[in-house]
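This report concerns only the one structure given below.
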Amino acid sequence: MTDKNTQNGENIDEQTQAEATPEVQAELPKPSYDELEQMLEQALAKAEEHWNQVLRVQAESENSRRRAERDVENAHKYALEKFVNELLPVKDSLELGEAAARADGADLAKVREGLELTAKMLASAVGKFGVVEVNPLGQKFNPELHQAMSMQELPDSAPNTVVAVYQKGYLLNERLIRPAMVVVASANSGANLKAAEAASGTIDFQA
């Protein structure tokens, strides 16, 4: 009995709600035409504002890209500007030396002094950019830095020693860019050194 009454009560509530729904919906206020037009204008204004923001972001991005491209292009064009500025005084000095050498009654001693000064200027200029000279005269031959052009048997030179430098080598920031071209004492060299060491009682010369 109770279940039946409960079920009937639920049905009555559902029916009441169903009947009341159209009335409630009818009571909701409907926007007028002017209000709808105002809402549309506000939505269009907001959409235009967002679109303008998108356009500004795109324009800023494009400007940044162009600036980056221009900076990279200038970096490639003028990467050697500082290096060139260091070399220009060397060029000026060479031209002055050439003019002095061509002059009547040129003093060869002064011309030679000027050339030596110019060579020092050049070494200083390239040294500022990590260029180091490789001049291994009298040093042990190093195949990583030197290129042997020939070998000679020399009684006064230790074997495997650089006895002459045809062309100096150079390093750029500790990286070899040109090996030194050298003459190396052969394995049979050093006879006089061995004899002198034997006579003085020092340790035998190691070939």
Side-chain angles (χ1 to χ4, degrees), residues 58-193 196 205-207:
Q58 289 180 342
E60 291 174 359
S61 177
E62 181 66 16
N63 290 336
S64 298
R65 184 185 65 80
R66 291 178 179 176
R67 282 195 298 268
E69 290 179 352
R70 187 164 53 250
D71 291 343
V72 171
E73 182 180 358
N74 289 337
H76 286 303
K77 281 185 177 180
Y78 307 110
L80 297 179
E81 182 177 358
K82 292 182 179 180
F83 184 65
V84 171
N85 284 332
E86 290 292 337
L87 290 183
L88 290 179
V90 179
K91 183 177 183 296
D92 295 338
S93 180
L94 285 173
E95 292 174 349
L96 291 174
E98 181 183 7
R102 291 177 180 274
D104 294 336
D107 188 339
L108 293 181
K110 290 185 177 180
V111 172
R112 182 176 60 188
E113 182 181 354
L115 289 175
E116 292 174 351
L117 177 61
T118 302
K120 291 180 180 179
M121 290 174 61
L122 178 60
S124 175
V126 298
K128 293 178 180 179
F129 296 88
V131 178
V132 178
E133 181 181 272
V134 179
N135 185 14
L137 183 63
Q139 301 176 10
K140 186 176 180 180
F141 176 73
N142 182 352
E144 295 183 357
L145 299 176
H146 314 147
Q147 181 177 348
M149 306 303 295
S150 64
M151 299 188 72
Q152 295 181 7
E153 184 176 341
L154 301 173
D156 294 324
S157 298
N160 205 34
T161 300
V162 176
V163 296
V165 178
Y166 286 151
Q167 189 178 71
K168 297 176 183 179
Y170 290 92
L171 300 171
L172 176 59
N173 294 324
E174 301 183 358
R175 178 180 178 180
L176 183 68
I177 57 175
R178 191 180 79 181
M181 298 182 181
V182 300
V183 178
V184 184
S186 66
N188 295 325
S189 298
N192 292 345
L193 296 178
F205 181 80
Q206 298 293 326

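When a residue number appears, it is its place in the shown sequence, counting from 1.
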Closest approach of Ala185 to Ala158 (non-hydrogen atoms, all atoms of both residues): CB-O, 3.3 Å
Is atom CD of Gln167 surrounded by more than 12 heavy atoms (other residues, nucleotides or ligands) closer than 6.0 Å? yes
Would you call Lys82 and Glu86 a side-chain contact if the rule is heavy atoms closer than 4.5 Å? no
Check: Leu87 and Leu122 side chains under 4.5 Å, non-hydrogen atoms: yes
Could you state the interatomic distance from CE (Met181) to CE (Met149), rounded to the nearest 0.5 Å? 5.5 Å
Check whether any side-chain heavy atom of Pro136 lies under 4.5 Å from a side-chain heavy atom of Val165, and answer yes or no. yes
Exam field: side chain Arg112 to backbone Asp107, donor-acceptor pair closer than 3.5 Å: no
Going by the angle between their ring planes, with limits at 30° and 60°, are Phe83 and Phe129 parallel, tilted or perpendicular? perpendicular
Grab the two heavy atoms, one from Lys168 and one from Asn135, that are nearest each other, plus how far apart they are. CE-ND2, 3.9 Å
Looking only at heavy atoms, which two atoms of Tyr170 and Leu176 are closest? And how far apart? O-CD1, 3.6 Å
Are Asp92 and Glu95 side-chain neighbours, meaning at least one heavy-atom pair lies under 4.5 Å? yes
Hey, does the side chain of Ser189 reach the backbone of Ser186 with a donor-acceptor pair shorter than 3.5 angstrom? yes
Verdict with supporting geometry, His146 and Val134, side-chain contact (heavy atoms from CB on, under 4.5 Å): CA-CA 9 Å; His146 314 147; Val134 179; 4.1 Å; yes
Any idea which heavy atoms bring Ala106 and Ala101 closest together, and the distance? CB-O, 3.7 Å
Please report the closest heavy-atom contact between Val162 and Phe141, naming both atoms and the distance. CG2-CA, 4.1 Å
Would you call Thr118 and Leu96 a side-chain contact if the rule is heavy atoms closer than 4.5 Å? no
When rounded to the nearest 0.5 angstrom, what distance separates CG in Asp156 from OG1 in Thr161? 12.0 Å
Tell me, do Glu69 and Glu73 make a side-chain contact under 4.5 Å, heavy atoms counted? no
Interatomic distance, Glu116 atom CD to Glu113 atom CD [nearest 0.5 angstrom]: 7.5 Å
Could you give the distance from CG (Leu154) to CG (Asn188), rounded to the nearest 0.5 Å? 11.0 Å
What closest approach, in Å, do Ile177 and Leu172 show between heavy atoms, and which atom pair accounts for it? CG2-CB, 3.7 Å
Any donor and acceptor pair, going by atom type alone, linking the side chain of Ser93 with main-chain N or O of Pro89 inside 3.5 Å? no
From CZ (Arg65) to CD (Glu60), nearest 0.5 Å: 15.0 Å
Are any of the side-chain heavy atoms of Val72 and His76 separated by less than 4.5 Å? yes
